[in-house]
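This report concerns only the one structure given below.
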Amino acid sequence: MTTPEKETSDFIRNIIKEDIREGRFGGRVHTRFPPEPNGYLHIGHAKAIVLNFDVAAEFGGLCNLRFDDTNPSKEDVEYVEAIQRDIRWLGYDWGDRLYFASDYFEQLYEFAVQLIKEGKAYVDDLSPEEIREYRGTLTEPGKESPYRNRSVEENLDLFERMRAGEFPEGSRVLRAKIDMASPNLNLRDPVMYRIMYVTHHRTGDKWCIYPTYDWAHGQCDSLEGITHSLCTLEFENHRPLYDWFLDQLGIHHPKQIEFARLQLNYTIMSKRKLIRLVEEGHVSGWDDPRMPTLSGMRRRGYTPEAIRNFCNRIGVAKSNSVVDYGMLEHAVREDLNARAPRAMAVLRPLRLVIENYPEDRVEEIELPVYPQDKSRTETRVVPFSRTLYIEQDDFAEVPPPKYRRLSPGREVRLMGAYYVTCTDVIKDEATGEIIEVRCTYDPETKGGQSPDGRKVKGTIHWLSADHAVPAEIRLYDKLFLKENPEEVDEEGADFTSNLNPNSLEILTNAFVEPELANAEVESRYQFLRHGYFCVDPDSRPGRPVFNLTVSLRDTWAKISS
RNA sequence: UGGGGUGUCGCCAAGUGGCUAAGGCAGCGGACUUUGAAUCCGCCAUUCGUAGGUUCGAAUCCUACCACCCCAGCCA
C-alpha cells in the first residue's frame with residue numbers, strides 16, 4: 001500500500017484555509033460531488049471526486065453525493081447505480097448523504113413562484129428559435145421578449161398550467177427576468193423551466209416541467225448547506241447567474257470555485273464520445289480495459305490507491321493543461337510494485353530442452369513472492385523439469401550488441417533454478433523458424449548461483465512445459481495514436497480515425513505458473529520481467545485470462561532500438 | 001470587434017516584492033541487482049508569454065501587446 005501524498009496545497013485549499021481563518025460559514029467545510037446520471041464515471045471525474053472528498057476530510061467536513069438529474073431524457077438508473085459503485089470502489093463514502101436534484105423539485109418550484117411573485121421571472125411563449133434570435137450575439141445585445149412584461153397574476157396562472165400539463169412540449173418556458181443587454185449571455189433572461197413529457201427515472205410522470213441545470217444547481221447546493229461548490233472552468237461564466245438567483249431568493253450562499261478539468265493525452269474524456277466508442281463497437285463496453293472509465297480501469301487492474309495518488313499528484317489549478325499519460329502509468333507501477341505478488345508467465349513460448357537433465361525428474365523450486373521487499377519472506381513453489389518454456393525474446397540465434405540473454409554457446413540463469421548453456425538450435429525445416437533450443441545445465445548451480453563464483457549476464461524466467469497452465473493474456477496499448485485524438489488528418493474525419501488498430505493483442509498460447517490456474521478475478525500479479533497483470537472476469541477454471549495493466553519500464557527496449 | 005479566464009523547465013505544478021525559482025513525471029549519467037524491474041546517488045529553468053515601467057530589489061506591482069481556453073442549448 002502506498003502512502004498518499006501529504007501536504008497537498010493548491011489554490012482551492014488556500015481559499016478554504018482563508019475562509020476558515022476568517023470564520024466564513026462558521027468555519028464549516030461541506031462539499032459535494034454532483035454527477036449527472038447520463039454516463040459512466042471516468043478518470044476526469046475521479047479528479048473531482050478525490051478533490052471534493054479529500055478537501056472535506058482534510059478540513060473536518062463532509063462531502064455529499066448528489067445526482068443532478070434535471071434532464072430525464074438523457075438519464076437512467078443504470079448510471080446512478082454504476083456511479084455509486086465506482087465511487088465506493090475508489091474508496092469514498094458519502095454516508096447517508098445521497099441526494100438527487102429531483103428530491104428538490106417541489107422546493108425549486110416554490111422558489112420559482114417566489115421569483116414570479118417578485119416580478120423576477122416570467123412565462124415566455126417564444127419558440128426556441130425565437131429565443132435564440134432574441135438573445136443577440138457575443139457583440140450585440142439581445143431584445144426583450146414581447147411576453148417579458150406580463151402581469152404577476154398571468155405568469156402565476158400560466159406557470160401553474162405549465163405544470164398541470166396544459167401546454168405542448170416546447171411551447172412555453174419560464175425565464176428569469178435579468179438583463180437582455182448583459183455582456184454575459186448567461187444573464188440574458190435564462191430559461192428556468194421547460195416543458196417535457198418525459199418519464200423521469202425517479203419522479204415518474206409526476207412532472208412535465210423540469211428545471212434547467214442553471215436554475216437547479218445553485219439552489220440544490222444551497223439547500224444542502226454546501227459551503228464550497230467546486231466545479232469546472234466552463235461554469236465560471238455562470239457564477240454571476242447563480243449568485244443572482246441565490247441573492248434574489250435570499251438563501252444560504254455557497255462559494256463557487258472553478259478549476260480546470262483533467263485532460264490526458266492519448267485519451268478522450270467527453271461522455272458523448274465515450275458513448276460512441278461503446279455504441280459503435282470500437283470497444284467491448286464501458287468497462288473495456290482500454291476505456292478511461294473507472295470501471296474500465298478497474299478491469300484493467302488499476303488500483304483505487306493509484307488513481308487517488310495520481311489525482312493528488314497532478315494538482316488542481318485553473319490553466320487548461322494536458323497531463324502526460326506516463327504520470328498515470330507511474331502511479332500504478334508505484335503502487336503495484338509495492339504490493340503485487342510476483343509470478344512467472346511465458347507470453348510467447350519457446351521450448352527449451354535440458355539434454356543432461358533426467359527425463360522423469362521434477363524439482364520444486366522455491367521462489368520469493370515479494371523479492372523487491374526484503375522484509376517479506378513469503379515463498380511459492382514452481383516445478384522444474386527437463387523441458388521448459390522460455391520467452392521467444394529471451395533467445396537470439398545472432399545476439400544483438402549488449403544482449404545478455406540466451407544465444408548459442410552462452411550461459412544464462414534460469415531464475416531461481418540453474419545455469420544453462422545453449423548447445424543447439426532446432427528449426428523447422430520448411431520455414432526456418434526456431435522451434436526449440438537445446439541446453440545443458442550445471443547441477444552445481446542450483447538456486448541460481450555457482451560455487452565457483454562465476455557470473456552470468458542474464459537471468460530469464462521459465463516454466464516447466466508439463467506443469468505450466470495455459471492462459472489467455474490480453475495486451476493493451478493506447479486506444480489512440482495521437483496525443484490529441486481530436487487532431488484529425490483528413491477533412492471530415494473525426495477522432496475515431498485516430499483509433500489505434502493495435503490497442504488490443506490477444507495471446508492465446510501463453511502459460512503461467514500452476515498456482516495461478518484458479519486465480520481470483522481482479523487479483524493482480526507482476527509477471528516477472530513483463531509487467532503487471534490483472535485477472536479478468538472472462539477467466540474459466542484452469543484457463544485464466546489476464547489483462548496487462550501496465551508493462552514494466554523497459555530500458556532494454558531503448559537500448560535495442 | 002462583447003464578456004469571463006489562463007500563460008513558470010519536454011509534461012503537470014509550487015511560488016502572492018527580498019535566502020542560490022519547491023516538488024513530481026519524463027529524460028540523462030552512475031552504483032547496485034537471481035526481474036535490462038525496483039532501489040540508491042548525481043545532473044536537468046541566471047529565468048518565469050512579450051515589451052516597457054515602478055522599486056535598493058519583481059515570476060510576484062503598473063502599462064501595453066501577444067497566444068490559448070470558455071460563453072450565442074428549452075445540455076450539464
Side-chain angles (χ1 to χ4, degrees), chain A residues 5 7 9-11 14 34-36 38 68 70-71 73-74 124 126-128 131-133 135-142 169-175 182-188 190-196 209-210 212-214 216-217 231-240 258 260 265 271-272 313-331 333-334 337-338 342 344 367-368 371-373 402-405 412-417 419 447-449 456-461 483 526-531 551-560:
Chain A
E5 297 303 272
E7 280 181 56
S9 169
D10 52 67
F11 82 102
N14 290 343
E36 183 190 16
N38 68 344
D68 271 334
T70 55
N71 185 355
S73 66
K74 294 189 173 176
D124 196 351
L126 252 26
S127 69
I131 287 185
R132 185 172 359 99
E133 286 161 21
R135 186 153 29 226
T137 69
L138 294 178
T139 51
E140 305 156 32
E169 205 161 280
S171 61
R172 288 187 160 91
V173 292
L174 183 74
R175 293 230 250 170
S182 172
N184 181 342
L185 306 218
N186 294 122
L187 263 20
R188 320 245 260 228
V191 171
M192 296 165 64
Y193 277 95
R194 63 299 208 184
I195 300 170
M196 295 171 94
I209 56 171
Y210 290 99
T212 58
Y213 174 87
D214 273 353
H217 191 80
C231 65
T232 45
L233 253 27
E234 65 271 29
F235 295 106
E236 206 155 19
N237 293 329
H238 297 239
R239 182 161 21 102
E258 307 85 8
N265 57 11
K271 274 192 215 172
R272 223 190 66 74
R313 205 121 49 170
I314 55 175
V316 181
K318 295 193 71 159
S319 66
N320 276 304
S321 54
V322 181
V323 175
D324 193 294
Y325 199 85
M327 288 255 215
L328 226 201
E329 295 190 322
H330 169 80
R333 287 197 185 102
E334 177 183 59
N337 172 55
R342 313 286 129 129
M344 292 191 286
L367 290 163
Q372 85 289 1
D373 183 347
K402 300 206 172 138
Y403 190 76
R404 29 179 173 165
R405 282 110 97 153
V412 298
R413 171 166 39 230
L414 295 175
M415 191 180 289
Y419 287 6
Q449 55 223 313
V456 286
K457 287 152 287 181
T459 301
I460 66 175
H461 59 277
E483 275 202 43
Q526 183 197 99
F527 288 163
L528 289 151
R529 306 207 301 130
H530 283 302
S551 63
L552 255 23
R553 290 185 61 204
D554 189 358
T555 48
W556 168 241
K558 285 173 197 159
I559 297 168
S560 59

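Just so it is clear: chains get the letters A, B, ... in the order the sequence lines come, proteins before strands, and each one is counted from 1.
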Measure from [atom1] on [X] to [atom2] on [N] and round the result to the nearest Å.
| X | N | atom1 | atom2 | answer |
| --- | --- | --- | --- | --- |
| R553(A) | G36(B) | CZ | P | 13 Å |
| E236(A) | C69(B) | CD | P | 16 Å |
| D324(A) | A26(B) | CG | P | 9 Å |
| D554(A) | A26(B) | CG | P | 14 Å |

Would you state whether a donor and an acceptor, one from the side chain of [X] and one from the base of [N], lie under 3.5 Å apart?
| X | N | answer |
| --- | --- | --- |
| Q372(A) | U39(B) | no |
| R405(A) | G36(B) | yes |
| R404(A) | G36(B) | yes |

Please work out if [X] contacts a base, only the sugar-phosphate, or nothing of the nucleic acid, heavy-atom cut-off 4.0 Å.
| X | value |
| --- | --- |
| S127(A) | base |
| P34(A) | nothing |
| I314(A) | sugar-phosphate |

Atom pairs, N/O to N/O, protein against nucleotides 16-19 of chain B, distance under 3.5 Å?
none

Do any N or O atoms of the protein come closer than 3.5 Å to N or O atoms of nucleotides 40-42 of chain B, and which pairs are they?
none

So, D124(A) side chain and V173(A) main chain: donor-acceptor pair closer than 3.5 Å or not? no

Nearest-Å distance once atom P is located in both C61(B) and G7(B): 12 Å

In whole Å, measure the gap between the C1' atoms of U63(B) and G27(B) for me. 40 Å

Describe, in one word, how the ring planes of H461(A) and H530(A) are oriented to each other, choosing from parallel (under 30°), tilted (30 to 60°) and perpendicular (over 60°). perpendicular

